[in-house]
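Encoded as structure tokens, the structure appears first; notes follow it.
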Amino acid sequence: MLTFPSGRVLTGVSYQIAEVIYSMSLQNYPTASLIRRLAAMAYDALVLLALYIILGGILVTAISAMTGQEEMVRLSPAMVGSVFYTICFLYYMHSWRRGGQTIGMKAWNIYLITNDNSPVKLSHCILRSATGFFSLAIVGLGYFWMLIDKKERTWHDIASLTRIVYRPKGS
């Protein structure tokens with residue numbers, strides 16, 4: 001017999017099917033190593049660079065056209081940072097909410113999952129990306145935290161109630 005938090009009870013064949021589905025759940029896979037995470041980030045950096053060049057070019061061209069200047073407008077460092085963060089956030093949010101993986105994560109067979117196995121929500125993405133940027137800003141300390149944490153969590157894993165798991169090929 002299996003009882004869900006909603007109070008629904010499964011018995012018999014339904015229970016056996018639920019057991020099989022649970023055993024295949026990503027929750028049962030190990031936490032992804034720091035090397036795999038950094039490798040996936042390197043792949044994603046290439047995608048983000050391409051997006052930044054394309055969307056940044058469109059933005060600069062549009063601003064130049066709206067202001068009527070013949071020369072391209074130079075964006076302030078604050079605006080460049082805002083555009084970069086927005087592009088990163090939208091890329092990660094779309095990828096995580098769509099299938100739990102970015103392009104880099106797919107290459108390294110790692111997935112973002114929530115601690116309670118619910119779908120990744122916008123709030124998870126906001127907390128994860130903000131804490132992730134903060135972790136990078138202080139020389140990656142939030143990432144290296146997983147080396148001393150007993151559950152191998154980074155700061156953004158802890159803040160967003162998510163974790164990154166590694167699913168070996170063929171499993």
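Model, not experiment: these values are computed from the prediction.
Put simply, Ile138 and Ile148 are part of the same group of oily side chains (I, L, V, M, F, W, Y) that touch within less than 4.5 Å, one to the next. Put simply, Phe89 and Val80 are part of the same group of oily side chains (I, L, V, M, F, W, Y) that touch within less than 4.5 Å, one to the next. Cluster annotation: Ile113 and Ile158 are assigned to distinct hydrophobic clusters (Ile/Leu/Val/Met/Phe/Trp/Tyr, side-chain heavy-atom contacts under 4.5 Å, transitive). Residues Leu38 and Met105 do not share a hydrophobic cluster, clusters being chains of Ile/Leu/Val/Met/Phe/Trp/Tyr side chains in contact below 4.5 Å. Leu136 and Leu147 end up in the same hydrophobic cluster when Ile, Leu, Val, Met, Phe, Trp and Tyr side chains are linked at under 4.5 Å.
Taking CG of Leu49 as the start and CD1 of Ile87 as the end, the distance is 10.0 Å to the nearest 0.5 Å. Remark: Asn117 CG to Leu26 CG distance equals 7.5 Å, nearest 0.5 Å. The CE atom of Met146 sits 6.5 Å away from atom OG of Ser33, with the distance rounded to the nearest 0.5 Å. For the atom pair Thr31 OG1 and Arg153 CZ, the distance stands at 9.5 Å (nearest 0.5 Å).
Counting all heavy atoms, side chain and backbone alike, Met41 lies closest to Tyr143 at SD-CE2, 3.6 Å. Residues Ser135 and Gly142 approach most closely at OG-CA, 3.4 Å, considering heavy atoms. Here the closest non-hydrogen pair linking Leu48 and Tyr92 is CD1-CE1, 3.9 Å. Taking each heavy atom of Ser160 and Thr162 in turn, the nearest pair found is OG-OG1, 2.6 Å.
Between the side chains of Tyr166 and Arg36, at least one donor N or O sits under 3.5 Å from an acceptor N or O. Side chains of Thr102 and Tyr43: no donor on one and acceptor on the other come within 3.5 Å.
Phe84 has its ring centre less than 6.0 Å from the ring centre of Tyr52. Aromatic pair His156/Phe133: ring centres not closer than 6.0 Å.
For Ser76, there are no side chain to side chain donor-acceptor pair (under 3.5 Å) partners at least two apart in sequence or on another chain.
Heavy-atom contacts from other residues, nucleotides or ligands closer than 6.0 Å to CZ of Phe134 number 12 or fewer. Within a 6.0 Å radius of CD1 in Ile35, no more than 12 heavy atoms belonging to other residues, nucleotides or ligands are found.
Contact check for Glu152 versus Asp157: no side-chain heavy atoms found under the 4.5 Å cut-off. The side-chain heavy atoms of Lys121 and Ile126, taken from C-beta on, include no pair separated by under 4.5 Å. At a threshold of 4.5 Å between non-hydrogen side-chain atoms, the residues Leu161 and Thr114 do not count as touching. Between Tyr85 and Ser129 the shortest side-chain heavy-atom distance falls below 4.5 Å. With a 4.5 Å cut-off on side-chain heavy atoms, Leu51 and Val47 count as touching. Residues Asn115 and His124 fail the side-chain proximity criterion, which asks for heavy atoms closer than 4.5 Å. The shortest distance between side-chain heavy atoms of Leu122 and Met93 falls below 4.5 Å. Side-chain contact between Arg37 and Ile164 is present, with heavy atoms from C-beta onward closer than 4.5 Å.
Taking the six-membered ring for Trp and thresholds of 30 and 60 degrees, Trp145 and Trp155 have ring planes inclined between 30 and 60 degrees apart.
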Apply side-chain contact (heavy atoms from CB on, under 4.5 Å) to Asp149 and Phe144, showing your working.
CA-CA 9 Å; Asp149 185 77; Phe144 292 109; over 6 Å; no
Where do Val165 and Ile110 land on the side-chain contact (heavy atoms from CB on, under 4.5 Å) test, with the steps shown first?
CA-CA 5 Å; Val165 295; Ile110 58 178; over 6 Å; no
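For the side-chain contact (heavy atoms from CB on, under 4.5 Å) with Leu112, the qualifying choice from Arg97, Arg128, Arg163 is Arg128, the only one to do so.
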